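As a basis for the values below, the full set of heavy atoms in this structure was taken, side chains included, without hydrogen atoms, waters or symmetry mates. Note that the structure is a prediction, hence the values are computed from the model and not measured.
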Protein chains: 2
Amino acid sequence: MASFKILLVEDDLNLGQILNEYLTVKGYETKLCRDGDEGVKAFKREAFDLCLFDVMLPKKDGFSMAKEIRREDKVTPIIFLTAKSMKEDTIEGFKIGGDDYITKPFSMEELLLRIQAILRRTAEKNPQISDQKIFEFGSFKFDYDKQILSRPGSEEVRLTSKESELLRLLCLHVNQPLDRSTALKIIWRDDSYFNARSMDVYIAKLRKMLKDDESVQIITIHGSGFKLITEGQIA
Amino acid sequence: MASFKILLVEDDLNLGQILNEYLTVKGYETKLCRDGDEGVKAFKREAFDLCLFDVMLPKKDGFSMAKEIRREDKVTPIIFLTAKSMKEDTIEGFKIGGDDYITKPFSMEELLLRIQAILRRTAEKNPQISDQKIFEFGSFKFDYDKQILSRPGSEEVRLTSKESELLRLLCLHVNQPLDRSTALKIIWRDDSYFNARSMDVYIAKLRKMLKDDESVQIITIHGSGFKLITEGQIA
DNA sequence: AAAGGCTGGTTAAATCATGTTAATTTTTGT
DNA sequence: ACAAAAATTAACATGATTTAACCAGCCTTT
């Protein structure tokens with residue numbers, strides 16, 4: 001993963017600016033939203049590694065955002081920025097919840113430490129970040145780095161980078177569903193109408209390349225995604 | 001199973017909010033209802049893995065809800081939230097009944113531990129969660145992963161994902177009834193009028209596919225559900 | 001057993017998601 | 001700046017799922 005991407009939702013223009021710049025300087029990619037609705041919308045479109053939500057927000061407060069996001073995504077860590085006046089028990093709940101909170105006013109340094117700690121913790125168990133380079137399935141061998149798909153008895157096929165990205169994701173999920181939106185957010189960085197159509201085009205291309213081996217197929221799971229199925233083991 | 005779904009019934013707005021948010025953040029899907037009637041209605045419409053009922057509730061108290069639910073469903077675990085003043089023996093009864101109770105005030109952490117313990121216990125013996133992929137009945141072979149129904153001497157039939165889901169459920173219950181509402185809640189996530197009509201359409205499609213082998217049939221159990229019957233064993 | 005209500009069966013139409021191919025735009029390599 | 005490759009957009013085709021409309025059968029009531 002190139003660099004971590006943080007979704008920052010803060011309505012105070014001033015604080016928002018400062019946080020944004022600070023995190024950018026520290027090497028994080030950030031997206032700043034001003035209210036809860038915007039924030040949730042951004043989360044659904046793009047892939048983030050961490051969320052930083054002010055609790056008091058116009059349109060939709062930080063906790064409601066978390067609730068909405070957790071319906072689809074159980075893992076992305078969320079840090080809440082809370083005012084001191086907040087009731088202890090509410091806060092306690094979230095503290096234990098694997099997510100974190102930080103009370104205003106806070107030092108940038110403290111925030112950064114927490115962010116780093118959480119990212120370190122979650123990065124360890126994130127299966128998405130796999131560095132597997134070579135995949136074998138059915139009679140195929142796919143070299144992700146070299147972007148080559150080969151099969152005994154046939155010519156090697158050189159893949160484009162988008163083709164490779166998509167095939168790699170499918171391979172990482174062999175015999176289990178790959179969610180459309182997940183794939184779009186990972187490969188295209190953005191789940192939008194046109195990117196989705198683009199992905200369909202690539203699925204068609206991959207199917208064409210795989211058609212010679214019947215034991216390997218990309219099946220569609222209507223309304224949800226795709227699945228690369230194969231009998232043989234994967235290496 | 002993607003994630004566990006909890007039905008939470010609590011009339012205290014504040015506590016309800018907190019519990020709801022806490023559980024959501026902990027990765028559970030939740031539905032919050034404010035009174036007993038609402039709660040029972042929700043349970044009949046949607047599928048839940050666990051119930052969390054306040055005992056003192058408007059419209060219908062927690063114990064009455066449990067009684068009503070147990071008429072149709074004997075397994076879904078129920079945890080009661082009781083005030084300290086509650087008589088010990090009342091509580092004892094429910095405790096022995098396989099369900100659990102927790103006395104207010106309680107810590108979120110304790111509640112979570114109990115929830116996890118119960119879900120772990122019940123998940124083990126839940127037949128719904130079966131990972132069987134290939135089913136054979138009559139002269140048919142059905143591959144759920146590949147979404148293919150085949151029969152010696154005939155062309156393979158490619159199923160759509162909804163068709164596969166439904167056929168799989170029927171297979172998991174061969175020669176025993178599959179409840180309409182159960183199937184709807186599992187496949188469509190929601191037992192509603194239109195989904196029920198949709199399911200009937202799919203039953204018709206499946207019957208058409210199975211019609212060549214007389215030894216296999218989907219029979220209707222009026223007012224309750226369907227049953228896939230077959231003489232041969234299932235593999 | 002006839003009537004009426006309710007549940008399920010069947011088919012077709014409407015809607016929405018995905019598949020396919022080609023045209024267009026963008027990027028890359030030279 | 002040009003040609004070639006890659007990626008996106010467009011346009012159209014197909015397919016899956018839901019909704020609708022209507023029919024048939026079961027079950028209850030009388």
Side-chain angles (χ1 to χ4, degrees), chain A residues 44-45 144 146-149 156-170 177-211 217-229, chain B residues 44 144 146-149 155-170 177-211 217-229:
Chain A
K44 289 189 177 168
R45 278 176 58 95
Y144 170 63
K146 294 191 183 154
Q147 307 192 169
I148 285 176
L149 178 68
E156 282 186 347
V157 184
R158 312 178 68 118
L159 305 183
T160 72
S161 39
K162 279 273 173 351
E163 286 161 0
S164 298
E165 296 288 342
L166 185 52
L167 183 54
R168 169 172 163 271
L169 266 196
L170 285 165
L178 168 64
D179 183 68
R180 284 183 80 90
S181 175
T182 305
L184 283 165
K185 290 198 277 195
I186 292 175
I187 301 177
W188 277 266
R189 316 282 299 163
D190 193 326
D191 177 354
S192 71
Y193 173 79
F194 286 119
N195 287 340
R197 304 327 326 285
S198 202
M199 174 157 121
D200 288 332
V201 170
Y202 280 98
I203 287 288
K205 291 184 183 181
L206 290 180
R207 281 188 172 134
K208 217 169 271 174
M209 295 175 195
L210 301 177
K211 71 173 183 313
Q217 286 187 55
I218 298 172
I219 65 166
T220 98
I221 306 165
H222 193 100
S224 129
F226 299 96
K227 184 156 70 168
L228 176 70
I229 54 170
Chain B
K44 289 190 177 169
Y144 170 65
K146 293 194 184 164
Q147 308 189 165
I148 285 175
L149 178 68
E155 288 256 320
E156 281 186 348
V157 184
R158 310 177 69 121
L159 306 182
T160 72
S161 31
K162 279 268 163 22
E163 286 161 0
S164 299
E165 296 287 342
L166 185 52
L167 183 53
R168 168 172 163 272
L169 266 196
L170 285 164
L178 168 64
D179 183 68
R180 283 183 79 88
S181 176
T182 306
L184 283 165
K185 290 196 277 194
I186 292 175
I187 301 177
W188 278 266
R189 319 275 304 160
D190 194 326
D191 178 354
S192 71
Y193 173 78
F194 285 120
N195 287 341
R197 303 332 322 286
S198 203
M199 174 158 121
D200 289 333
V201 171
Y202 279 98
I203 287 288
K205 290 185 184 182
L206 290 181
R207 282 187 171 134
K208 220 168 267 174
M209 294 176 196
L210 301 177
K211 71 174 181 316
Q217 285 188 56
I218 298 172
I219 64 169
T220 304
I221 306 165
H222 193 96
S224 128
F226 300 97
K227 182 153 70 166
L228 176 70
I229 53 170

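Straight-line distance from the CZ atom of A:F194 to the P atom of D:dA11: 10 Å, rounded to whole Å. The CE atom of B:M199 sits 12 Å away from the P atom of D:dT18 (whole-angstrom rounding). Straight-line distance from the NZ atom of B:K205 to the P atom of C:dG8: 19 Å, rounded to whole Å. The CD1-P distance, from B:I218 to C:dG8, rounds to 14 Å in whole Å. Rounded to whole angstrom, the span from the CG atom of B:D179 across to the P atom of C:dT7 amounts to 14 Å. If you measure from atom CD of B:E163 to atom P of D:dT18, you get 11 Å, rounded to the nearest angstrom. Note: CG (A:L184) to C1' (D:dT8) measures 13 Å, nearest angstrom. Taking atom CD1 on B:I219 and atom C1' on C:dT7, their separation rounds to 16 Å, with Å as the unit.
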Sequence-aligned protein contact record of nucleotides 17-30 of chain C, with B where the base is within under 4.0 Å of a protein heavy atom and S where only the sugar-phosphate is: SBBBB---------
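Atom-to-atom distance recorded for A:L169:CG and A:L184:CG is 10.0 Å, nearest 0.5 angstrom. With rounding to the nearest 0.5 Å, the separation of CG in A:L166 from OG in A:S161 is 11.5 Å.
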Please tabulate, for the side chains in residues 203-211 of chain B, all donor-acceptor contacts under 3.5 angstrom to protein atoms that are two or more places apart in sequence or on a different chain.
from   : atom 1 : to     : atom 2 : distance (Å)
B:R207 : NE     : B:I218 : O      : 3.0
B:R207 : NH2    : B:I218 : O      : 2.9
B:R207 : NH2    : B:T220 : OG1    : 2.9
B:K211 : NZ     : B:K208 : O      : 3.4

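The existence of a salt bridge linking A:D191 and A:K185 is excluded, since no basic side-chain nitrogen approaches an acidic carboxylate oxygen closer than 4.0 Å.
A donor-acceptor pair shorter than 3.5 Å can be found between the side chains of B:R158 and A:Q217. Side-chain N/O atoms of A:E165 and A:Y144 include a donor and acceptor closer than 3.5 Å.
Residue B:W188 has a polar side-chain atom (N or O) positioned under 4.0 Å from OP1 or OP2 of D:dT18. Dashed line: the shortest gap from a side-chain N or O of A:T160 to OP1 or OP2 of D:dA7 is under 4.0 Å.
When heavy atoms are screened at a 4.0 angstrom cut-off, A:S198 is found touching base atoms of the nucleic acid.
Scanning for salt bridge (Lys or Arg N to Asp or Glu O under 4.0 Å) contacts around A:D200 gives A:R180, A:R197, with sequence neighbours left out.
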